[in-house]
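Let me begin by presenting the structure, written as structure tokens, before commenting on it.
All residue numbers refer to positions in the sequence shown, counting from 1.
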Amino acid sequence: MSQQQDEMSFWDHLEELRWTLFRSIFALFILAIAFFAFMRGDGGIFPNVIMGPTRGDFLTYRLFCSVASSFSFLSEFCNTDFRIEIINIKLATQFFTHMTTSFWLALVCAFPYLMFEVWKFIRPALYENEKKNVRWVFLFGTGMFFIGCAVGYFLVFPMTLRFLATYEIYDAINEQVSLDSYMDNFLMLIFIMGIIFEMPLLSWLMSKLGLLHRGFFNRYRRHAVVVLLILAALITPSGDPFTLSLVFVPLYALYELSAFFVKPAPKEEDDDEAYEAAGAYPSE
């Protein structure tokens with residue numbers, strides 16, 4: 001440990017933790033107030049960002065429409081009259097949605113600062129070479145989280161929403177989506193994608209702890225392809241190969257990126273895998 005770490009007592013650590021939590025909560029509070037203030041109105045965040053996927057002029061739909069000439073099954077995205085009606089059936093739902101959405105957006109935007117506070121807190125306990133590695137780990141993890149949230153917002157959620165909101169089991173049923181249901185799916189899918197994109201970082205940490213090596217990814221690659229295809233089909237249940245590949249390709253890229261970041265398998269396991277791939281096994 002560093003000299004600074006040796007000189008700090010238990011109460012010093014507790015005091016530093018207290019200030020770390022205070023600064024983090026204060027940053028969240030300020031951002032939440034800012035988002036709360038700019039949430040409503042014609043130019044507000046809620047009608048233009050949160051409700052964007054409910055209208056036919058959403059960016060993803062317009063991009064799909066622009067390539068509809070090459071993929072005929074995407075022509076449905078050229079329907080600018082598409083609109084999903086969101087209803088509210090509980091008295092206080094809109095107010096609480098205003099508050100909770102402000103908090104979640106503040107949490108997403110404050111993520112880099114929160115990671116910085118965590119880094120500041122653990123930095124004194126690290127050696128110099130560890131500080132350099134952990135710094136890049138935090139930067140990488142933050143970037144991957146934002147990329148995952150962007151994939152969730154611009155791709156996964158709009159595709160899922162559009163399919164489920166237009167699916168009919170009986171044409172006499174009038175499709176109306178409640179505000180609670182919309183927000184639950186909106187937040188869940190976007191944050192799940194943000195967490196999924198942390199898979200390379202999680203794999204790297206497990207590798208550092210000796211719990212995971214590259215041989216695992218090599219051995220279960222075919223199984224992973226099947227599982228990821230099923231997961232992509234569940235996320236984009238429209239069934240066409242174009243939208244399926246749009247979700248499958250990033251997920252599979254995460255799998256290969258995770259394999260790249262972990263340590264190589266022990267030599268004896270590599271030898272066993274080479275024999276297995278060749279259809280033969282070493283002699284006893």
inquiry  = If hydrophobic clusters are built by linking Ile, Leu, Val, Met, Phe, Trp and Tyr wherever their side-chain heavy atoms come under 4.5 Å apart, do Trp204 and Tyr220 end up in the same one?
reply    = yes

task = Apply ring-ring contact (aromatic ring centres under 6.0 Å, His included) to Phe111 and list each qualifying residue two or more places apart in sequence or on a separate chain.
result = Phe145

message = Quick check for you: to the nearest 0.5 Å, what is the distance between Ser102 atom OG and Leu107 atom CG?
response = 12.5 Å

key: Which atom of Phe35 lies closest to which atom of Cys109, heavy atoms considered   = CZ-SG, 3.5 Å

task = Check whether the ring centres of Phe58 and Tyr153 lie less than 6.0 Å apart, and answer yes or no.
result = yes

request  = Look at the aromatic rings of Phe36 and His98 and report parallel, tilted or perpendicular, splitting at 30° and 60°.
outcome  = parallel

inquiry  = Walk me through whether Phe191 and Trp104 qualify under ring pair (Phe, Tyr, Trp, His ring centres under 6.0 Å).
reply    = CA-CA 10 Å; Phe191 279 98; Trp104 285 111; 5.1 Å; yes

query = Is there a side-chain contact between Asn185 and Thr160, using heavy atoms and a 4.5 Å cut-off?
reply = no

query = CG of Leu254 to CE of Met193: how many Å apart, nearest 0.5 Å?
reply = 7.5 Å

query = Do you know the tightest heavy-atom contact between Ile190 and Gly152?
reply = CG1-C, 3.9 Å

request  = Indicate the atoms forming the closest heavy-atom contact of Ser207 with Lys263, along with that distance.
outcome  = OG-N, 2.9 Å

message = Test side-chain contact (heavy atoms from CB on, under 4.5 Å) on Met51 and Ile86; report intermediate values, then the result.
response = CA-CA 9 Å; Met51 291 289 125; Ile86 307 296; 4.0 Å; yes

message = Would you call the rings of Phe186 and Tyr182 parallel, tilted or perpendicular, taking 30° and 60° as the class edges?
response = parallel

task = Please go through Ile173's hydrophobic cluster and name the other residues, only I, L, V, M, F, W, Y counting, with side-chain heavy atoms under 4.5 Å joining them.
result = Ile169, Tyr170

ask   = Given side chains that start at C-beta, do those of Tyr167 and Arg162 come closer than 4.5 Å, heavy atoms only?
value = no

ask   = Would you say Phe154 and Pro53 make side-chain contact, with heavy atoms under 4.5 Å?
value = no

query = Which atoms form the tightest heavy-atom contact between Leu201 and Gly141, and what is the distance?
reply = CD2-CA, 3.8 Å

query = Is the closest side-chain heavy-atom distance between Phe261 and Pro200 below 4.5 Å?
reply = yes

inquiry  = The criterion is side-chain contact (heavy atoms from CB on, under 4.5 Å); which residues satisfy it with Glu85, sequence neighbours excluded?
reply    = Ile87, Gln176

query = Can you tell me how far the CD atom of Gln94 sits from the CG atom of Asp180, to the nearest 0.5 Å?
reply = 10.5 Å

inquiry  = Taking the side chain as everything from C-beta on, heavy atoms only, tell me whether Pro250 gets closer than 4.5 Å to Phe197.
reply    = yes

inquiry  = Applying a strict under-4.5 Å side-chain criterion to I, L, V, M, F, W and Y, I'd like to know whether Leu31 and Met99 cluster together.
reply    = no

Verdict with supporting geometry, Leu59 and Arg62, side-chain contact (heavy atoms from CB on, under 4.5 Å) = CA-CA 5 Å; Leu59 176 62; Arg62 288 189 280 115; 3.9 Å; yes

query = Taking atom CD1 of Ile192 and atom CG of Leu187, what is their separation to the nearest 0.5 Å?
reply = 10.5 Å

message = Count I, L, V, M, F, W, Y as connected when their side-chain heavy atoms are under 4.5 Å apart, and connections chain through other members. Are Val67 and Met159 then in the same cluster?
response = yes

message = Do Phe217 and Leu231 sit in one hydrophobic cluster, given that two such residues count as connected whenever their side-chain heavy atoms are within less than 4.5 Å of each other, even indirectly?
response = yes

task = Looking only at non-hydrogen atoms, find the nearest pair between Leu212 and Val262 and report the distance.
result = CD2-CG1, 4.1 Å

Thr166 OG1 to Asn79 CG distance, which is reported to the nearest 0.5 Å = 10.5 Å

ask   = Out of curiosity, does Phe96 fall in the hydrophobic cluster containing Ile45 (side-chain heavy atoms, cut-off under 4.5 Å, transitive links)?
value = no

ask   = Roughly how far, to the nearest 0.5 Å, is OG1 of Thr93 from CG of Asn88?
value = 4.5 Å

inquiry  = Keeping Ser181 on the side-chain end and Ser178 on the backbone end, is there a donor-acceptor pair under 3.5 Å?
reply    = no

query = What residue pairs, at least two apart or across chains, pass side-chain hydrogen bond (donor to acceptor under 3.5 Å, both in side chains) with a residue in residues 36-50?
reply = none

ask   = Between Thr142 and Met115, which heavy-atom pair has the shortest distance, and what is it?
value = OG1-CG, 3.6 Å

key: Qualifying side-chain hydrogen bond (donor to acceptor under 3.5 Å, both in side chains) pairs with a residue from residues 17-33, counting only residues at least two apart or across chains   = Glu15-Arg18, Glu15-Trp19, Arg23-Glu117

inquiry  = Test: side-chain hydrogen bond (donor to acceptor under 3.5 Å, both in side chains). Region: residues 249-260. Which pairs qualify, not counting sequence neighbours?
reply    = Arg221-Glu256, Tyr252-Glu256

